[in-house]
Number of protein chains: 2
Amino acid sequence: MGGMATAERKAQPARVDATRNRERIIAAAREAFVEHGPSVPLDAIAHRAGVGNATLYRHFADRHELIHVVASYSLARITEQAESALAEETDAFEALRRFVHRAADERVGALCSLLYEGFDKNDPNVVDARLGLESAVERLMDNARRSGQLRPDVGLGDLMVAITQLTRPPAGTGCALIERFMHRHLQLFLDGLRAPARSELSGTAVTFEDFETS
Amino acid sequence: MGGMATAERKAQPARVDATRNRERIIAAAREAFVEHGPSVPLDAIAHRAGVGNATLYRHFADRHELIHVVASYSLARITEQAESALAEETDAFEALRRFVHRAADERVGALCSLLYEGFDKNDPNVVDARLGLESAVERLMDNARRSGQLRPDVGLGDLMVAITQLTRPPAGTGCALIERFMHRHLQLFLDGLRAPARSELSGTAVTFEDFETS
DNA sequence: GGAAAACGGGGAGAACATCTCCGTTTCGGA
DNA sequence: TCCGAAACGGAGATGTTCTCCCCGTTTTCC
């Protein structure tokens with residue numbers, strides 16, 4: 001559906017105010033989802049974007065579609081972050097560290113809650129994007145592991161879940177507070193990831209599939 | 001209000017099925033809040049407790065009161081955990097470690113979301129309980145810091161927020177998954193807390209007030 | 001064995017979110 | 001500058017969900 005909408009949009013060069021409003025709505029939706037979760041009233045999103053609710057419905061058929069677009073955007077941007085960290089950093093652990101903090105800035109944690117609410121995990125585009133992210137982060141971790149800087153008993157899932165958890169807006173508050181703590185806590189967590197391990201971990205390394213197949 | 005209810009309850013020795021149902025409702029509410037957040041339908045809680053919704057309303061005037069009771073219970077239990085760790089463990093960092101994992105088992109993270117939804121922070125009982133917890137955890141951290149096992153650049157709030165974040169049910173899933181990761185992640189975080197510090201942290205140590213006064 | 005208390009299910013009432021209608025405004029080309 | 005087409009915004013109909021109460025039935029305890 002996203003593809004179709006884009007195609008239509010290109011066929012008819014669309015008015016500038018229409019495309020601007022579309023962007024505004026997506027941005028507002030991202031913020032609103034981050035702050036109030038995936039079931040924030042669509043009217044609130046429209047209001048935050050400074051448009052009428054009818055405009056929102058004109059651009060997106062329903063909440064489902066809006067979530068899909070917002071989530072896809074974010075997924076793509078985080079993957080970019082992982083790949084640029086891979087390409088540009090020379091030190092393996094520094095690359096990992098950079099990715100973690102950048103991903104946090106994208107508010108992965110908050111947006112992850114979109115995944116459950118009618119988000120089509122089997123959409124080919126989404127699957128591709130997810131595999132791309134998986135592979136990039138796996139490479140980041142492999143590099144760090146091989147260079148002896150990352151403890152060997154942690155997996156991809158350990159890192160991803162921890163990032164999402166630590167970057168979520170705390171409890172019922174807005175997102176203002178977490179900004180102050182997020183990077184401190186991620187840094188502490190990263191320090192715990194460094195080799196040599198300072199303790200033994202319970203359970204086994206968590207892979208991506210572990211929480212995809214839930 | 002909680003005090004009054006208890007007083008009434010003692011004045012009239014109450015039937016055993018009534019008190020049993022009350023306990024059941026509290027337990028069910030705790031689980032439901034953990035899994036679905038503070039606005040889970042009260043009917044769902046009643047159903048989970050195996051009672052009719054009328055029974056729930058007979059015991060608790062409204063959602064507000066139920067939340068209050070559940071939160072107070074949990075706060076008290078976590079404080080107990082902190083104090084028993086202080087009293088029983090000889091190694092300072094081990095005491096801290098034990099407290100962190102026990103607090104996680106109490107599902108602090110999930111229940112923290114109750115705090116915002118009409119929870120009376122100024123109720124004298126609550127204030128006392130909170131101060132008790134604060135003081136106990138502060139002592140745990142002081143001991144560990146003095147023994148040279150805890151890095152000096154972290155504060156009470158850093159620890160408390162990280163615990164709540166890492167022990168929350170991830171995104172929109174039930175609570176089943178997190179059980180597997182929680183303790184691993186807490187352990188990794190604790191490893192990051194150990195002295196000597198492996199990196200420099202941004203910002204300043206977070207105190208309790210920092211996020212109480214939001 | 002009986003009165004008092006507690007229980008459960010069903011349903012009225014209110015609140016909220018979604019999505020549409022239609023008169024008005026804005027854009028972009030001639 | 002002017003006009004047609006497209007987009008806009010607000011208000012409201014519709015449907016759903018949660019809250020809370022009523023009342024007939026069951027359970028407890030003296």
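Note that this is a predicted model, so its numbers are computed, not measured. Each chain gets a letter, A, B and so on, in the order the sequences are listed, and its residues count up from 1.
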Measure the distance from [atom1] on [X] to [atom2] on [N] and round it to the nearest whole Å.
X	N	atom1	atom2	answer
A:Y57	C:dA17	OH	P	11 Å
A:H59	D:dA6	NE2	C1'	11 Å
A:N21	D:dA6	CG	C1'	13 Å
A:D62	C:dT20	CG	C1'	15 Å
A:L42	C:dT20	CG	P	12 Å
A:R22	C:dC27	CZ	C1'	19 Å

[Y] versus [X], side-chain donor and acceptor atoms under 3.5 Å:
X	Y	result
B:S84	B:R98	yes
A:N53	A:H47	no
B:E65	B:H59	no
B:T55	B:N21	no

- [ ] Measure the shortest side-chain to side-chain distance between A:F33 and A:I45 over non-hydrogen atoms and say whether it is less than 4.5 angstrom.
- [x] yes

Pairs under 3.5 Å (N/O, protein and nucleotides 1-3 of chain C):
none

TODO: Any chance you could list the contact pattern along nucleotides 9-16 of chain C? Use B for base contacts, S for sugar-phosphate-only contacts and - for none, protein heavy atoms under 4.0 Å, 5' to 3'.
DONE: BBB-----

TODO: At under 4.0 Å between heavy atoms, which parts of nucleotides 25-30 of chain D does protein reach? Answer with one letter per nucleotide, 5' to 3': B base, S sugar-phosphate only, - none.
DONE: --BSS-

- [ ] Considering just the side-chain nitrogens and oxygens of B:T55, establish if one lies under 4.0 Å of OP1 or OP2 belonging to C:dG8.
- [x] yes

Open item on the list: Check this for me, if you would: do B:R48 and B:E35 make a salt bridge, where the nitrogen-to-carboxylate-oxygen distance has to be below 4.0 angstrom?
Closed with: yes

